[in-house]
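Worksheet for the structure shown next.
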Amino acid sequence: MNRQLLTILLLAFTINVFAQGPPITTGTPVMLGLEGNGIRTFGKIISKENTNIYVQPIGIPYNISPKFQIGGILPFKFITPKRAETNGGIADVTLFTKYQLYKKDEKAKTFRVLANIKQSFPTGKTSSIPQIGSGIYQTYVGFIVGKISSAIGIYGDFGYNITSNGASDNFLYNFSVGVPLLPQKYPQKQINTFLEFNGNYVFNPKIHTLFISPGLQFIPGRRILFETSFQMPIVQNNISTNKTKYMLLLGTRFLIN
Amino acid sequence: MKKIFNNTAIFSFSILLLCLLFSSSVNAQTDTKKERVYIKIEIKGMACPYCAFGMEKELKKVAGVDNVEIELKEGLAYISTPISQKPTKESLEKIIIDGGFTVGTIEFSSSAFKRTKTKKKE
C-alpha cells in the first residue's frame, strides 16, 4: 500500500507535462463563462462492511455571468444491505451557487477563489428501511480555490455544513493535485491523472473520515470527458460498525451548445 | 466557307470567354485571400482544454470567422475575417471577458501570423 502511494505521488510530482481538466472529487474554480453550460453525471459504488450503495447524481450547472454560476444536482441512490433487498429512488436534491471572489490570470495559468453555497432538501424518502434520504435540510457554505498552470493543477475546497433537526454539523474538505500525461495541444486527446484527498469531520459525535483518491481522466474530444476515481479510507475515527471499504466512481461530463 | 468561318469564330469566342472567366475567378480568389484580416488574441488564464473549447465556441460566432486556432500552451487564439467584416478590438475584448478570462494583447495583421504549431487545414 505504501509503495503504491509513493509511486502515485512520484508520478504526480515528477512528470513534466501540461494542462488538465477539472478535478474529479474536488470542486473546480474554473467556470466556463457565459453560456458555458455543461452536464456531469457519474456512478459511484460505495462498498461498506454491511452495505453496498450505488449513487448516480446528475449535475447541471448554468453560468448566469462569467462570475456567477447556479445549478442543481439530482441524485438517485440504491442501497443493498447484506442479506436484504435493494431499496432505491431519488435522494436529497441539492441546489448550488458559485461566485468568483478573486481571479488572477496569466499566460496559460490562472488562480481563482470562489464562494460556494449549497442547499440540500430532504426529498429522499425516509419511510423505508434503509432510508434513501437524510430527512434533514443541509446548508453548506464554503470556498473553492485553484491554481492551474501549464504543468500542474492544484485545487482545494472546504466548507461548513449546517444541518437541521438536531443532526450534527460537519466540516468538509477536499484537496486535489492534477497532472496531464499528454503534451498540451488543442484540440487533442488528453489523459490526466489526479491524486485527491476527501475529508469529513463531524462535530457531535466526533467522527473523522479521510479518503485518498487516485483518479484518471480521459478527454477524447472537444465536448466530452470520461473519468474514474478509486477512493480508499485512510482515516475512519470513531466508526465502530459498517466502515467504508472503498468507493469507486465512473463518470462523464459533456458540454452542450 | 462562311459556315467554317462562323464555326471558327464561335470556337474562338468560346475559348476567349473561358479564359476570361478563369482569369477573373483566379483574381477573385487572390483578392479574397488578400482582403482578409488576421487577428492574434492573447487570452490570459486559458489553461485547460475545456477553457479553450469555450473560447473557440465564442470566437466562431464572430462574423466572417470560419476557423479558430488555439495554442493552449501560449494562451493564444488566431482568427481571420474578410476585411469588410473586421471586428473591433472592443468586441473581441468583450467576448474574452464574457468567457471568464482576461484579455492580453490583440494584434491585427494583413498577413497570417507565424505559429509554433502546424496550421490546421481549413
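Computed from a predicted model, the values in this text were never measured in an experiment.
- Checked against salt bridge (charged side-chain N to carboxylate O under 4.0 Å, His left out), A:K103 has the following partners two or more places apart in sequence or in another chain: A:D105.
- Listed by chain and number, the residues in a salt bridge (charged side-chain N to carboxylate O under 4.0 Å, His left out) with B:K44 amount to none (sequence neighbours excluded).
- Of all heavy-atom pairs between A:A108 and B:A47, the closest is O-CB, 3.5 Å.
- At a 4.5 Å heavy-atom cutoff, B:L76 makes no contact with chain A through either its backbone or its side chain.
- Evaluation of the ring pair (Phe, Tyr, Trp, His ring centres under 6.0 Å) rule for A:F226 yields no partner, not counting sequence neighbours.
- Applying the 6.0 Å contact sphere to CZ of A:F121 captures more than 12 heavy atoms from other residues, nucleotides or ligands.
- Within 6.0 Å of CZ in A:F96 there are more than 12 heavy atoms belonging to other residues, nucleotides or ligands.
- A:K107 contributes atom NZ, which lies 11.5 Å from atom CE of B:M46 (distance to the nearest 0.5 angstrom).
- Heavy-atom proximity under 4.5 angstrom to chain B picks out A:K109, A:T110, A:R112 from residues 109-117 of chain A.
- Expressed to the nearest 0.5 Å, how far OG1 of B:T102 lies from CD of A:E106 amounts to 10.0 Å.
- To the nearest 0.5 Å, the span separating OH on A:Y186 from CD1 on B:I70 amounts to 6.5 Å.
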